[in-house]
Amino acid sequence: VQLQASGGGLVQARGSLRLSCSASGRTFGSYSMGWFRQAPGKAREFVAAISGGGINTRYAGFVKGRFTVSRDNARNTVYLQMNSLKPEDTAVYCCAARGRWYSSSADEYDYWGQGTLVTVSS
């Protein structure tokens, strides 16, 4: 599975962005997908995950209803809608795929895409 994230950019605080992650292959729906982020000088952290069918989701505590993960298996794409962005959300955001039930642990993901940079100005 090859993954490619896009949609990052510069946004002002309290603004919104939607990230996309496109996947290759015909079995996209069999993969759980996760979003992770890494800010400069900090460790990578879990943001959100979604099951293969899109029914089940999980979020990091800091999301607090601001972010929504979704997927369109017909388009082989997973999304991360980010609202009410804060400067502390500034990071490189990456998507990952796992051929089992979704997880919040980066070590349990099998495939990773390149990151897309999100910069939130105050």
Side-chain angles (χ1 to χ4, degrees):
V1 176
Q2 292 184 322
L3 306 173
Q4 183 169 354
S6 61
L10 175 64
V11 62
Q12 290 186 332
R14 296 178 296 280
S16 298
L17 277 176
R18 188 176 79 158
L19 306 183
S20 299
C21 175
S22 298
S24 64
R26 299 181 178 181
T27 60
F28 178 68
S30 66
Y31 289 90
S32 298
M33 300 295 296
W35 285 98
F36 294 81
R37 72 183 188 183
Q38 187 166 19
K42 295 187 177 181
R44 181 169 53 190
E45 62 181 349
F46 169 75
V47 177
I50 187 167
S51 60
I55 301 300
N56 300 100
T57 59
R58 180 183 295 178
Y59 296 94
F62 62 77
V63 169
K64 295 181 180 178
R66 300 183 297 129
F67 296 179
T68 302
V69 61
S70 62
R71 65 191 297 161
D72 184 340
N73 286 346
R75 297 179 182 271
N76 279 17
T77 303
V78 63
Y79 304 98
L80 184 67
Q81 177 67 43
M82 304 187 296
N83 300 326
S84 302
L85 283 162
K86 305 174 182 180
E88 52 264 43
D89 293 319
T90 295
V92 174
Y93 286 72
C94 295
C95 56
R98 184 172 192 256
R100 294 169 293 282
W101 193 246
Y102 62 72
S103 170
S104 59
S105 173
D107 292 340
E108 296 182 349
Y109 282 81
D110 305 308
Y111 305 96
W112 289 83
Q114 93 294 350
T116 185
L117 176 62
V118 172
T119 303
V120 184
S121 63
S122 58

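In this text, all values refer to a predicted model and were calculated from it rather than measured experimentally.
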Within this structure, what is the [atom1]-[atom2] distance for the pair [X] and [Y], rounded to the nearest 0.5 Å?
X	Y	atom1	atom2	value
S24	L3	OG	CG	7.0 Å
M33	N76	CE	CG	9.5 Å
L85	L17	CG	CG	6.0 Å
E108	W101	CD	CH2	13.5 Å

Problem - Distance-minimising heavy-atom pair for G52 and S32 - result: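 In this case the closest contact between G52 and S32 is N-OG, 4.0 Å.
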Problem - Taking every non-hydrogen atom, the tightest pair across A13 and S122 - result: CB-CA, 4.3 Å
Go through the structure and list residues passing side-chain contact (heavy atoms from CB on, under 4.5 Å) with [X], not counting sequence neighbours.
X	result
T77	S20, S22, R75, Y79
V92	C94, L117
Q38	R44

Exercise for the section: Among residues two or more places apart or on two chains, list those pairs meeting side-chain hydrogen bond (donor to acceptor under 3.5 Å, both in side chains) that have a residue in residues 109-118. Expected result: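 Found R100-D110.
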Exercise for the section: Quick one: which residue pairs count as a side-chain hydrogen bond (donor to acceptor under 3.5 Å, both in side chains) with a foot in residues 84-95, not counting sequence neighbours? Expected result: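 Qualifying pairs: R37-D89, R37-Y93, R66-D89.
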Under 3.5 Å, is there a donor-acceptor pair between the side chain of [X] and the main chain of [Y]?
X	Y	value
N83	G15	no
R18	G8	no
R71	G53	no

Practice task
Answer with yes or no whether the hydrophobic clustering places L19 together with Y102; edges join I, L, V, M, F, W, Y residues whose side-chain heavy atoms lie under 4.5 Å apart.
Solution key: no
For the residue pair [X] and [Y], establish whether any side-chain heavy-atom pair is separated by less than 4.5 Å.
X	Y	value
L80	V47	yes
N56	R58	no
V78	W35	yes

Exercise for the section: Start with the C-alpha gap between T68 and Q81, add the side-chain angles, then the distance that decides, and say whether side chain to side chain donor-acceptor pair (under 3.5 Å) holds. Expected result: CA-CA 5 Å; T68 302; Q81 177 67 43; over 6 Å; no
Practice task
Scan residues 45-70 for pairs that pass ring-ring contact (aromatic ring centres under 6.0 Å, His included), counting only residues two or more places apart or in two chains.
Solution key: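 Listed once each, the pairs are F36-F46.
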